[in-house]
Amino acid sequence: MPSAADLEWWKNSTVYQILTATFKDSNGDGVGDIPGIISKLDYIQSLGMDAIWLCPMYDGPQVDLGYDVSDYQNVYPPYGTLTDMENLIKECHDRKMRIMLDLVISHTSNQHPWFLESKSSKDNAKRDWYIWRPAKHDEDGNRIPPNNWKSVFGEESAWEWDPSTEEYYLHFFTKEQPDLNWEREETRKALFENAIVFWLEKGVDAFRLDAANMYSKPEGLVDAPVTNEGEAYQPATQLCCNGPRIHEYLLEVREVFERYGAVSAGEIPFTCGREEVLPYVSGEGKQLDVVFQFDVVGVGMGGGRKYDVEPRDWTLPDLKSAFSLVQDTLKNSDAWTAIFLESHDQGRSISRFGNDKPEHRVVSGKLLSMMLATLSGTLFVYQGQELGMVNVPDDFPVEEMEDPESGLYYKFIQERSGEDQDEMARAARAVRYLSRFNARMPMAWDGNAEHAGFSSVEPQTKLHPMSGEINVAWQEGDSDSVLSFWKRMLQLRKEHAEVLVHGEFVPLHLDHPSLFVYLKQKEDHKVLVVLNFSEEENADWTDTLDGEFDLDKEDSELLISNLGKDGLNYEVLRPLEGRVYCGK
Ligand code: ISL
């Protein structure tokens, strides 16, 4: 009989997210690959990781870094072969690690044979596998798309005209990523067999469901409300996420997963608050084991447009409320959530939420690791996060930041402003701050090796300019490094899993402008976490306790400080200091 902990392995696990393209190149072609991942599994395990999540490694044109799949059952050749994947699954299991793949089934690539067939004629048997609609016409008789939806990336319509069959198809993301028509049962069945069963048969333990809340489109494909006055196309995310049949579809997906005891972690952007989140992940009819909520990573992003911001335009109370909201998902429910600050879709967390000044970078990376490792849910760590990697520097050429999302935004500002210097500079700041490219640069394995040990040749994606300073080899040999600290925090998380992974989160003084203070509690076990986000000392932090934590001043109660115990003054928190105390 497997133990309860084994059955719910994903709860206590920390999952390491890997982007194959930029993780480790084993065959000297400048692109990361599956054998490269295998060669680093021991490293990943040495950090304290229990599982890996692999971003899409399927074959596809890579218009959106693999989130455009043209063959679910084959590997993108530069990454390797099916045999390499079988080896990877085996090598993970040999180490008692689990493996999670990315499941991209809201859309396919426009090069997928299904779409090519669908596009070939109006009466093709697969025409309805995608979402096709006739044109509309404006007052002057000009052809216009079927509705006003804007694509998630860029400013253009979410509809693309196909001149050969004279209809539009829907693509929520780039025009190379047509949305599948989930209304058709035959399509769903084919998807499940092709994309899910095939891999579960190979022994994959879990899937991360890409855009898991977007499969069901609103009835009648009605216009989105006008939020950007005067613009032709309007954001349709609110309409297209959490659509009318989404839970029904996800239940069907779950049925397939259950046949194999596989775990599902679903990405649910634009889904806010308990009422919207809980139906996915709790109760009898729950469909997902874990949800990725976006409240936290959304802090500091523009409301209308993600990049319409100045860097760091957020306050600590904003970040704390977002975390509270996510932690509240677990309160009085059987729901489960993901804890994460980074992914392939986010800028680096130290630059966004910590402090990336040279004198604060390391300590701030440790502070964020303390925060993440003490919150409830499944913890996800993205490649390079364990090194305290930061965003590109201020002089990094924006034109070189390959990301369809930030690239289209920059182009839009360029055109709208007529290349106005101030506007372009503002957009460049925002792109360097939030672009997904920040997370997509090669892993720095060794500062002394050529190409930072990522590859024996010039990498296809430029190395981060700080790879010489921030890399695995240096940090592994340094007990004060961010990497060594992550190891300690993950160890601590394991030792105190009941309270750190499963405990109730009780925030104290949510409105405090520079301290994040909270309790984690489970039965009579209590832990206090105090995080000073400021560059200043704080001498009155104990006032925030409100008698909620019985702290005697003995050193023995202190589990860890990111500045070490030397020079620790109980009363005074040092700049960017974090501490974890264990209660009685
Ligand atoms: O990244 C976002 C905003 O910057 C999200 O809105 C993101 O677009 C959304 O979470 C869906 O993301 C997923 O599907 C996309 C792909 O580009 C992302 O990399 C993936 O994580 C389309 O497949």
Side-chain angles (χ1 to χ4, degrees), residues 17-22 53-58 60-70 72 100-110 112 115 149-154 158 170-180 191 195 207-215 235-242 246 265-272 280 291-309 338 340-349 352 380 382-383 391 401-410 430-440:
Q17 187 192 346
I18 299 174
L19 188 64
T20 308
T22 54
W53 151 22
L54 208 60
C55 285
M57 74 301 152
Y58 314 102
Q62 310 295 309
V63 169
D64 188 21
L65 210 69
Y67 287 90
D68 48 326
V69 181
S70 64
Y72 290 105
M100 172 183 275
L101 298 189
D102 219 307
L103 186 59
V104 191
I105 51 176
S106 169
H107 48 269
T108 65
S109 159
N110 62 348
H112 195 292
F115 186 72
W149 297 356
K150 184 162 87 90
S151 157
V152 172
F153 297 151
L170 179 69
H171 61 89
F172 210 47
F173 295 95
T174 70
K175 63 179 189 316
E176 291 85 3
Q177 294 165 295
D179 281 56
L180 282 152
L191 260 182
F207 277 106
R208 173 261 191 188
L209 279 65
D210 183 67
N213 56 356
M214 302 189 193
Y215 308 155
T237 39
Q238 293 303 336
L239 272 181
C240 293
C241 292
N242 319 311
I246 188 64
E267 190 205 27
I268 54 166
F270 312 105
T271 302
C272 307
Y280 285 94
V291 284
F292 289 92
Q293 298 173 254
F294 281 71
D295 307 271
V296 172
V297 289
V299 169
M301 286 184 185
R305 278 189 195 90
K306 168 176 168 181
Y307 294 93
D308 274 353
V309 285
F340 70 108
L341 266 191
E342 292 194 16
S343 76
H344 65 296
D345 283 340
Q346 305 297 330
R348 291 293 187 178
S349 56
R352 290 188 60 195
F380 288 81
Y382 178 75
Q383 68 184 47
N391 276 352
M401 299 183 71
E402 292 157 34
D403 168 7
E405 186 191 68
S406 60
L408 285 170
Y409 175 78
Y410 195 63
V431 166
R432 287 194 196 95
Y433 177 57
L434 290 177
S435 173
R436 311 188 301 176
F437 178 77
N438 284 298
R440 300 176 175 196

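We count ligands from 1, going down the list as the structure has it; atoms in each ligand are counted the same way.
- Those atoms of ligand 1 with a heavy atom of Asp345 less than 4.0 angstrom away are 1 (O), 12 (O), 18 (C), 19 (O), 20 (C), 21 (O).
- At the top of the distance list for atom 2 (C) of ligand 1, counting protein heavy atoms only, stands Glu405 OE2, 3.9 Å.
- The nearest non-hydrogen atom to atom 10 (O) of ligand 1, considering only Gln177, Glu267, His107, Met214, comes from Glu267.
- Each of the following atoms of ligand 1 lies closer than 4.0 Å to a heavy atom of His344: 18 (C), 19 (O), 20 (C), 21 (O).
- Side-chain contact check for Thr108 versus Pro178: some heavy-atom pair is nearer than 4.5 Å.
- Protein heavy atom at the shortest distance from atom 13 (C) of ligand 1 is Asp210 OD1, 2.6 Å.
- Heavy atoms of Ala211 found under 4.0 angstrom from ligand 1: none, in either backbone or side chain.
- Taking 4.5 Å as the limit, every side-chain heavy atom of Tyr410 sits out of range of all side-chain heavy atoms of Ser435.
- Distances shorter than 4.0 angstrom do not occur between any heavy atom of Gln346 and any atom of ligand 1.
- Heavy atoms of Arg436 approach ligand 1 to within less than 4.0 angstrom.
- The protein atom (non-hydrogen) at minimum distance from atom 17 (O) of ligand 1 is Asp64 OD2, 2.5 Å.
- For ligand 1, the atoms sitting less than 4.0 Å from at least one non-hydrogen atom of Lys306 are 3 (C), 4 (O), numbered in the order shown with element in parentheses.
- Classification of Asp210 and Arg208 as a salt-bridged pair holds, one side-chain N sitting under 4.0 Å from a carboxylate O.
- Under 3.5 Å, the side chains of Asn213 and Thr271 contain a donor-acceptor pair of N or O atoms.
- Not a single heavy atom of Phe172 sits under 4.0 Å from any atom of ligand 1.
- The Phe153 neighbourhood of ligand 1 comprises atoms 17 (O), with distances under 4.0 Å to a heavy atom of that residue.
- Residues His107 and Tyr67 place their aromatic rings such that the two centres sit no closer than 6.0 Å.
- At least one side-chain heavy atom of Tyr382 sits less than 4.5 Å from a side-chain heavy atom of His344.
- Of the protein's heavy atoms, Phe173 CE2, 3.7 Å lies nearest to atom 15 (C) of ligand 1.
- The protein does not reach atom 5 (C) of ligand 1 closely, with no heavy atom under 4.0 angstrom from it.
- In this model, no donor atom of one side chain and acceptor atom of the other lie less than 3.5 Å apart for Asp102 and Tyr58.
- Taking both residues in full, the closest heavy atoms of Arg352 and Val297 are given as NH2-O, 2.6 Å, listed atom of the first, atom of the second, then distance.
- Crowding of Lys306 atom NZ: a count of heavy atoms from other residues, nucleotides or ligands under 6.0 Å exceeding 12.
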